[in-house]
> 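I have a structure here, written as structure tokens, and I will follow up with some questions on it.
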Amino acid sequence: MRTEDVLAAIATGLWRWDNASGTVTLDSEAARLLGLPAEPVALPEVAVRSRFHPVDWNEINGIVNLAVAEGTLAEARLRIMDEDGRVLRTVRSRSKPLENRAADGRVDYELIGTIQEIAEAQPGTTAVHTPITGDWRRSREAFLLDAGRALAEARSTAEVLRVAASLSMPGFIPDGLAVFGVSGDRLSIIGHHGHDPGDEGPFADMPLLTDYPAAEVVRTGRAIYLPSPDDYKRRFPATWPLAQRFDRISWAFLPLVVAGRTMGAWMAAFKHPVSFSPDERSVLTTVARMLAQALQRAGVAESERELTTGLQRSMMPQLGPEIPGMTLAARYVPTGGGLQVGGDWYDMIPLPSGRFALVIGDVQGHDVRAAGLMGQLRIAVRAYASEGHRPDAVLSRASRFLAGLCSEQDTGQDTGPGTGGDTGGYSDFQSPRFATCLYVECDPQTGLLEVARAGHPDPAVRMADGTVLMRPTAGGLPLGIVPDTDYPTTRFTLEPGETMMLCTDGLIETGGHDLDTGWARLRAILESQTPYAAQDADPEPRHLERLADLLVQAVHGPSSHHTTGPLADRREDDIAVVLLCREGEGCGCETPLLHPSRPARRTMTTVAQAEPERVAGVRRQIRELLHDWADPEQVDAAVLMVSEMLTNVLVHTDGDALLVAEAVGELGSRRLRVEVADASDELPHKRHPGEMASSGRGVLLLEMLADDWGVDPRGEGKSTWFVLLEQSKPAEATESDSPYNHPVE
């Protein structure tokens with residue numbers, strides 16, 4: 001009896017599908033099963049395709065590709081359709097893909113297999129989804145979409161492994177998972193799930209030549225399916241004892257392939273029998289491909305993070321040795337996207353004079369070039385400072401250095417990696433850049449600070465009682481704009497118990513804020529953390545470090561000094577912040593007194609004849625000094641008298657005005673004394689101006705608004721002063737009377 005007769009007797013036909021020529025050859029039984037005349041025939045692929053349900057035909061390609069990759073049989077259930085779209089019967093196809101390599105090196109394949117009718121056919125009915133192609137397929141597609149989304153969002157190897165461990169596959173859920181990596185000729189475990197600690201020991205460092213399924217998968221690049229313990233024991237007797245103790249029934253080992261390179265293997269083990277049908281193998285293969293890509297992305301991202309973190313830490317200096325009587329804290333957080341590097345920096349430089357310098361700056365941009373320029377500029381500033389130059393000279397030399405550096409790059413190589421002078425993105429590396437900078441030279445013995453500023457935000461000082469003032473300082477252009485630029489120096493003293501904050505504009509403006517609203521946000525943080533309000537409690541052991549963290553958290557959410565918080569993706573600029581505290585009563589850096597008195601608030605400012613615009617800054621300082629004064633009308637009166645006294649000096653003398661304001665006492669009963677000194681010997685005297693007079697009312701205002709006032713002669717010049725005694729806030733005052741609601745002049 002011929003083989004064809006035997007196959008026809010059991011309703012089994014033979015077919016051959018040549019992918020290269022696009023023809024399908026059928027014997028008589030196969031033609032009958034496809035609804036064609038029962039005779040051998042060779043048909044174009046299109047003619048055969050019209051006989052299959054469209055959904056089933058789409059499944060064939062995936063099944064065949066899977067069989068080609070694994071070197072196994074391609075099995076599928078197919079619904080045969082008539083010309084009216086009705087299902088004639090359901091057949092099972094089993095075929096073996098064979099590779100055919102053409103003379104030009106192109107690889108194609110040919111399918112040789114059988115078609116057999118199965119008992120699930122429903123003649124005369126419309127095409128309906130069977131369990132194989134219906135609910136299970138929809139569940140599989142939904143699972144793959146969810147798995148792909150979750151793996152795509154994983155940012156680290158640990159996250160990828162957690163996602164892989166949480167995958168619940170449709171119809172078959174692995175009990176244990178393991179991901180193997182390759183290092184040289186050794187196989188190691190990257191991560192596992194469903195095992196006890198220490199179970200990975202025998203598999204942690206295994207030669208690739210070991211008779212173990214994962215090792216063979218890595219060597220061959222082909223998946224291995226072991227439906228039963230007998231299959232495992234028969235194929236891998238040497239390593240079967242290692243797997244036997246886990247009491248699993250079925251195993252699947254799949255290669256992790258990226259760009260044609262096998263980077264490891266993935267094991268899925270089951271405590272229930274799994275036959276590994278084509279659909280199940282297709283799901284496992286798809287998950288393995290997504291897992292491999294996710295692991296590669298996570299590895300690249302971790303390498304970039306390690307590189308940029310190392311670059312940041314190498315560029316960000318340590319704060320140096322401890323300074324007697326002073327405490328330092330600093331933070332640096334790079335911007336959100338890209339390589340996480342930028343142009344902000346800070347530095348602490350010991351000086352030959354025994355003093356030290358604090359530097360904070362911001363190079364334009366937050367890209368790789370900004371980080372490179374930042375490193376060069378930081379070294380230049382440190383070198384100039386270490387030579388003993390004064391703050392103004394350090395910034396002048398740094399500006400000349402940056403301008404020359406950008407000029408050299410601009411006039412140097414003018415062609416990029418392309419040809420024909422096409423620079424592409426390379427031109428950005430040639431464009432001029434500028435930098436803002438704040439340089440502070442500090443005497444730790446006296447607290448004297450000498451500040452030179454190049455387009456940078458002013459420093460802020462939190463006084464011993466928690467009041468925060470922005471310290472206006474003279475400044476010049478940002479570094480690198482004009483090579484020869486002068487930078488005036490401003491001097492003031494950091495009193496015991498006071499803390500100075502230096503920061504870049506990223507801390508102020510990030511989150512949609514401008515300079516005013518951003519400063520209000522920081523001021524609230526600084527004042528809310530004053531330790532004076534909790535003197536009876538235990539002292540905060542790392543108060544300045546905690547304050548630095550809170551300032552960053554105000555922008556990014558909780559974080560540490562080298563990791564980002566939950567709002568990291570919303571930040572627009574790098575952040576650098578430096579805090580300097582001169583230890584004293586009320587600063588929080590040392591043990592508080594049992595019954596402390598409220599520290600005095602004091603501010604001192606010089607207004608030069610050539611700088612009348614600084615009067616507005618002094619008015620702002622007085623408002624900030626009295627921000628919690630009980631009666632806002634007294635605050636307005638103090639601002640008015642200060643403005644009048646300073647204006648009189650600028651108008652009626654040839655010298656500068658020195659203002660000292662001090663508030664002492666407990667809240668509700670404080671005493672404000674403001675003194676303005678000048679070098680003129682001419683004493684003010686009371687005048688009687690007419691209604692249309694534009695001057696002559698200074699003494700009248702002092703008599704009307706001050707609780708006390710006077711003029712004290714000095715060796716060279718005089719000092720005019722007034723005193724205000726804090727009064728209780730009027731009962732009819734409302735929230736709108738708060739000094740925070742008054743416009744800052």
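Residue numbers run from 1 in the order of the sequence given. Any value given below was found using the heavy atoms of this structure, including those in side chains, with hydrogens, waters and symmetry copies removed. Since this is a predicted model, take the numbers as computed values, not measurements.
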> Do the charged groups of K271 and D247 touch, with an N to O distance under 4.0 Å?
no
> Is the closest side-chain heavy-atom distance between T12 and E29 below 4.5 Å?
no
> Which heavy-atom pair separates R89 from G35 by the least distance, and what is that distance?
NH1-N, 4.1 Å
> Are the side chains of W251 and F236 in contact, using a 4.5 Å heavy-atom criterion?
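A side-chain contact under 4.5 Å is absent here.
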> Hey, do the aromatic rings of W345 and Y332 have their centres closer than 6.0 Å?
no
> Could I get the full list of side chain to side chain contact (heavy atoms under 4.5 Å, CB included) partners for A214, not counting sequence neighbours?
F180, L187, Y212, F253, A265
> Taking the side chain as C-beta and beyond, is there a heavy-atom pair between L254 and L256 under 4.5 Å?
no
> Return the CH2 to CG distance between W15 and L33, rounded to the nearest 0.5 Å.
11.0 Å
> The criterion is salt bridge (Lys or Arg N to Asp or Glu O under 4.0 Å); which residues satisfy it with D18, sequence neighbours excluded?
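Testing D18 for salt bridge (Lys or Arg N to Asp or Glu O under 4.0 Å), a comparison that skips the adjacent residues, returns none.
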> State, to 0.1 Å, how close L208 and A215 come at their nearest heavy-atom pair, and which atoms those are.
O-CB, 3.5 Å
> Would you confirm whether R433, through its side chain, and Q364, through its main-chain N or O, come within 3.5 Å as a donor-acceptor pair?
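Side chain of R433 to backbone of Q364, a donor-acceptor pair under 3.5 Å: yes, one is there.
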> Quick check for you: to the nearest 0.5 Å, what is the distance between M206 atom CE and D185 atom CG?
13.0 Å
> What is the distance from atom OG1 of T90 to atom CD1 of I80, rounded to the nearest 0.5 Å?
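T90 atom OG1 to I80 atom CD1 measures 8.0 Å (nearest 0.5 Å).
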> Which heavy atom in D211 sits nearest to a heavy atom in P237, and how many Å separate them?
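Minimum heavy-atom contact is OD2-CD, 3.9 Å.
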> In a check of salt bridge (charged side-chain N to carboxylate O under 4.0 Å, His left out) between R331 and each of D574, D549, D344, which one passes?
D549
> Determine the minimum heavy-atom distance between S250 and P227, stating which atoms define it.
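Scanning both residues, the minimum pair turns out to be OG-O, 2.6 Å.
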> Is there a donor-acceptor pair under 3.5 Å between the side chain of D27 and the backbone N or O of L14?
yes
> How long is the gap from CE on M267 to CG on L226, to the nearest 0.5 Å?
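The distance works out to 11.0 Å.
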> When rounded to the nearest 0.5 angstrom, what distance separates CG in L291 from CE in M263?
8.0 Å
> Under a 3.5 Å distance rule, please check whether R16 uses its side chain to pair with a backbone N or O of L26 as donor and acceptor.
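Checking the backbone N and O of L26 against the side chain of R16, no donor-acceptor pair under 3.5 Å is found.
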> Between D205 and S188, is a side chain to side chain contact (heavy atoms under 4.5 Å, CB included) present by the stated rule, with each step listed?
CA-CA 5 Å; D205 187 22; S188 61; 5.6 Å; no
> If we only count heavy atoms from C-beta on, is the I249 to P229 side-chain gap below 4.5 Å?
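With C-beta onward as the side chain, the pair touches.
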> Is there a side-chain contact between V274 and H272, using heavy atoms and a 4.5 Å cut-off?
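Side-chain contact under 4.5 Å: yes.
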> For R261, enumerate each residue passing the salt bridge (Lys or Arg N to Asp or Glu O under 4.0 Å) test, keeping only those at least two apart in sequence or located in another chain.
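Counting only residues at least two positions away or on another chain, R261 forms no salt bridge (Lys or Arg N to Asp or Glu O under 4.0 Å).
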> Evaluate the side-chain proximity of P207 to R186: yes if any heavy-atom separation is below 4.5 Å, no if none is.
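The answer is yes; the side chains approach within 4.5 Å.
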> Would you say R235 has more than 12 foreign heavy atoms packed within less than 6.0 Å of its CZ?
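More than 12 within 6.0 Å, yes.
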> Quick check: closest heavy atoms across V24 and W17, and the distance to 0.1 Å?
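Shortest heavy-atom separation between V24 and W17 comes out as CG2-CD1, 3.7 Å.
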> Quick one: does any side-chain atom of T239 pair with a main-chain N or O of L242 as donor and acceptor, under 3.5 Å?
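No, because the side chain of T239 does not come within donor-acceptor range (under 3.5 Å) of the backbone of L242.
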> Under 3.5 Å, is there a donor-acceptor pair between the side chain of Q293 and the main chain of M290?
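It does not hold such a pair.
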> Atom CD1 in I190, atom OG in S183: separation rounded to 0.5 Å?
10.0 Å
> Could you check whether S21 and T23, counting side-chain N and O atoms only, form a donor-acceptor pair closer than 3.5 Å?
yes
> With side chains defined as the heavy atoms from C-beta onward, is the minimum distance between E117 and R32 less than 4.5 Å?
yes
> Any idea which heavy atoms bring M374 and V363 closest together, and the distance?
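Closest heavy-atom pair between M374 and V363: CA-CG2, 3.8 Å.
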> Could you walk me through whether I115 and L34 pass the side chain to side chain contact (heavy atoms under 4.5 Å, CB included) check?
CA-CA 9 Å; I115 298 178; L34 265 61; 3.7 Å; yes
> Does R281 count as lying over the ring of Y225, i.e. NZ or CZ under 6.0 Å from the six-ring centre, within 45 degrees of the axis?
yes
> Using side-chain heavy atoms (C-beta onward) and a distance below 4.5 Å, is I224 in contact with E216?
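Of all side-chain heavy-atom pairs linking E216 with I224, at least one is under 4.5 Å.
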